[in-house]
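The next block holds one structure in the form of structure tokens; read it before the comments.
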Amino acid sequence: MVWRDGRFVVADAGHDAFQIFGTDGRLEHFVRMSAGRSPFARDPSGLALRPGPGAGELYRQGEPDVLGQMFGALEQLLGAESEPAGVGHRGIERLELGGELVAAEPFLQAWRVPREESSEELTPGDLANESRAASALVGAVNSAVMFFEPELHWDVLPDGTIAYSDSSAYAIGLIAPDGSLVGVLQRPHEPEPVDSRIRSRTIEQALHEFERQLNDADAETLAQAPSLPDAYREGLETREFFDEVPVVRGLGASWDGALWVQRRGDEPWDDEGPIDVFGPDREYLGTFPAGVTEMPAAFGPDGLAAFWETDEFDVPSIVVRRLPEALR
């Protein structure tokens, strides 16, 4: 993550810390996430990490709840001291990296799909048996997420306002640095109700993708958890569905304050749909049709934007382009 003064930060999961580098590329200092020594400390990067407008300030989305359950069971099994959970995967916290330890403050708790809490929890006994561990892990994942459950998409604007989408509707909330809601961006795109055709096609698509991943997986790794593939297939076939297909599939903010919002594609599971662009004044500028451009992987100063691209051998590379002034 690069701050506007040119300094940058790297999340170091191995040391449960952030490494701060100066504009000359030299390491300035480490900032630990916590004082604990647990080998299962939470990943500093969480699910997503964004630089704040000020140097030394980051915004972090928490990890999935199921990871907290799994690490908690592992800590009990090994007799390690549990780490504080922090915000969950539907929460964003503001991090200050000025001291030896990160100062974390909850900033936003996004909407969470109402559901009955599962009474099943991962236990040390589950993890001691491969078959039970596979079933328990898949069960925990499936109880924690539905097909088409709206994800939390967000980014930080230049003035510290957070733009976010947390529902199936096209509604981009704008939260000021003081935590107040200062606006909502909307467009006339409605979520599609989930019917039986969508349910069956989605499960079929998910199973097809899982088999493709299995074919690419290392045989030695699969042999360590032989029960996991069957447990995962069963989990996909029985996973619950959210009742609508979400419209928004991605969101990014440029350094100059433009907001890019990617919508779903033609198929309900297609994340690579059209991209709407709003200017720094929050006025709608226009839409890139699907396939014309991808969402930038990162935005930079002076209209620079980085994109992931793959060649004919599916080898990924990062390509940096300069955006037209109107889209910055």
Side-chain angles (χ1 to χ4, degrees), residues 47-48 61 64-67 88-90 110-118 120 134-135 137-154 163-173 184-217 228-252 260-277 284 287-295 308 310:
L47 272 179
Q61 182 180 350
D65 298 338
V66 67
L67 286 182
H89 72 290
R90 304 293 291 184
W111 178 75
R112 184 189 292 264
V113 175
R115 61 160 62 93
E116 292 185 10
E117 293 295 330
S118 172
E120 297 183 8
S135 296
L137 180 58
V138 171
V141 169
N142 282 303
S143 66
V145 65
M146 302 176 178
F147 281 119
F148 300 125
E149 181 170 340
E151 296 183 23
L152 174 59
H153 303 287
W154 63 281
Y164 75 100
S165 167
D166 64 352
S167 71
S168 57
Y170 195 119
I172 312 300
V184 178
L185 302 180
Q186 296 178 303
R187 295 209 64 229
H189 301 287
E190 299 296 328
E192 180 181 3
V194 173
D195 57 19
S196 59
R197 182 194 70 85
I198 291 177
R199 289 172 184 266
S200 61
R201 289 288 309 281
T202 299
I203 293 173
E204 179 184 343
Q205 177 75 11
L207 288 170
H208 176 77
E209 176 61 20
F210 178 61
E211 296 302 331
R212 186 192 66 78
Q213 293 175 2
L214 274 183
N215 291 335
D216 293 339
L228 189 57
D230 285 340
Y232 196 80
R233 290 186 189 97
E234 182 180 356
L236 290 175
E237 292 171 347
T238 59
R239 182 178 294 179
E240 294 184 42
F241 279 79
F242 190 63
D243 57 4
E244 293 180 329
V245 179
V247 177
V248 176
R249 302 299 174 89
L251 190 153
W260 291 42
V261 181
Q262 185 154 40
R263 293 186 265 123
R264 55 161 286 190
D266 291 335
E267 297 290 353
W269 50 82
D270 181 4
D271 294 334
E272 307 297 327
I275 299 174
D276 301 327
V277 182
Y284 168 67
T287 297
F288 289 109
V292 171
T293 184
E294 297 181 352
M295 281 284 289
W308 281 109
T310 55

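Values below: every heavy atom of this structure, side chains too, minus hydrogens, waters and symmetry copies.
Side chains of E294 and W308: a donor-acceptor N/O pair is absent below 3.5 angstrom, by distance only.
Under the 30°/60° scheme for interplanar angles, the aromatic rings of F242 and W111 are found to stand perpendicular.
Side-chain contact between P274 and T287: present, with at least one pair of heavy atoms (C-beta onward) separated by less than 4.5 Å. The closest side-chain heavy-atom distance from V194 to D243 is not below 4.5 Å. Side-chain contact between V261 and V248 is present, with heavy atoms from C-beta onward closer than 4.5 Å. For the pair T293/I275, a side-chain contact is recorded, criterion being any heavy-atom separation below 4.5 Å from C-beta on. Side-chain contact between L236 and F147 is present, with heavy atoms from C-beta onward closer than 4.5 Å.
The pair D195-R199 does not meet the salt-bridge criterion, since no charged nitrogen lies less than 4.0 angstrom from a carboxylate oxygen.
Within a 6.0 Å sphere centred on CD of Q262, heavy atoms belonging to other residues, nucleotides or ligands number more than 12. Heavy-atom neighbours of D266 CG from other residues, nucleotides or ligands within 6.0 Å: at or below the threshold of 12.
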Test Y284 against R187 for side-chain contact (heavy atoms from CB on, under 4.5 Å), laying out the working first.
CA-CA 9 Å; Y284 168 67; R187 295 209 64 229; 3.5 Å; yes
So H153 and Y164, side-chain contact (heavy atoms from CB on, under 4.5 Å) or not? Walk me through it.
CA-CA 5 Å; H153 303 287; Y164 75 100; over 6 Å; no
Worked check of side-chain contact (heavy atoms from CB on, under 4.5 Å) between R249 and R263
CA-CA 5 Å; R249 302 299 174 89; R263 293 186 265 123; 6.0 Å; no
Given the rule in the salt bridge (charged side-chain N to carboxylate O under 4.0 Å, His left out) test, do R264 and E192 qualify, once you have shown the distances and angles that lead to the verdict?
CA-CA 11 Å; R264 55 161 286 190; E192 180 181 3; 2.7 Å; yes
Kindly determine whether L152 and H89 satisfy side-chain contact (heavy atoms from CB on, under 4.5 Å), including the steps that lead there.
CA-CA 8 Å; L152 174 59; H89 72 290; over 6 Å; no
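With rounding to the nearest 0.5 angstrom, the CG atom of L185 is 7.5 Å from the OH atom of Y170.
Using modelled atom types, no side-chain atom of Q205 and backbone atom of T202 make a donor-acceptor pair closer than 3.5 Å.
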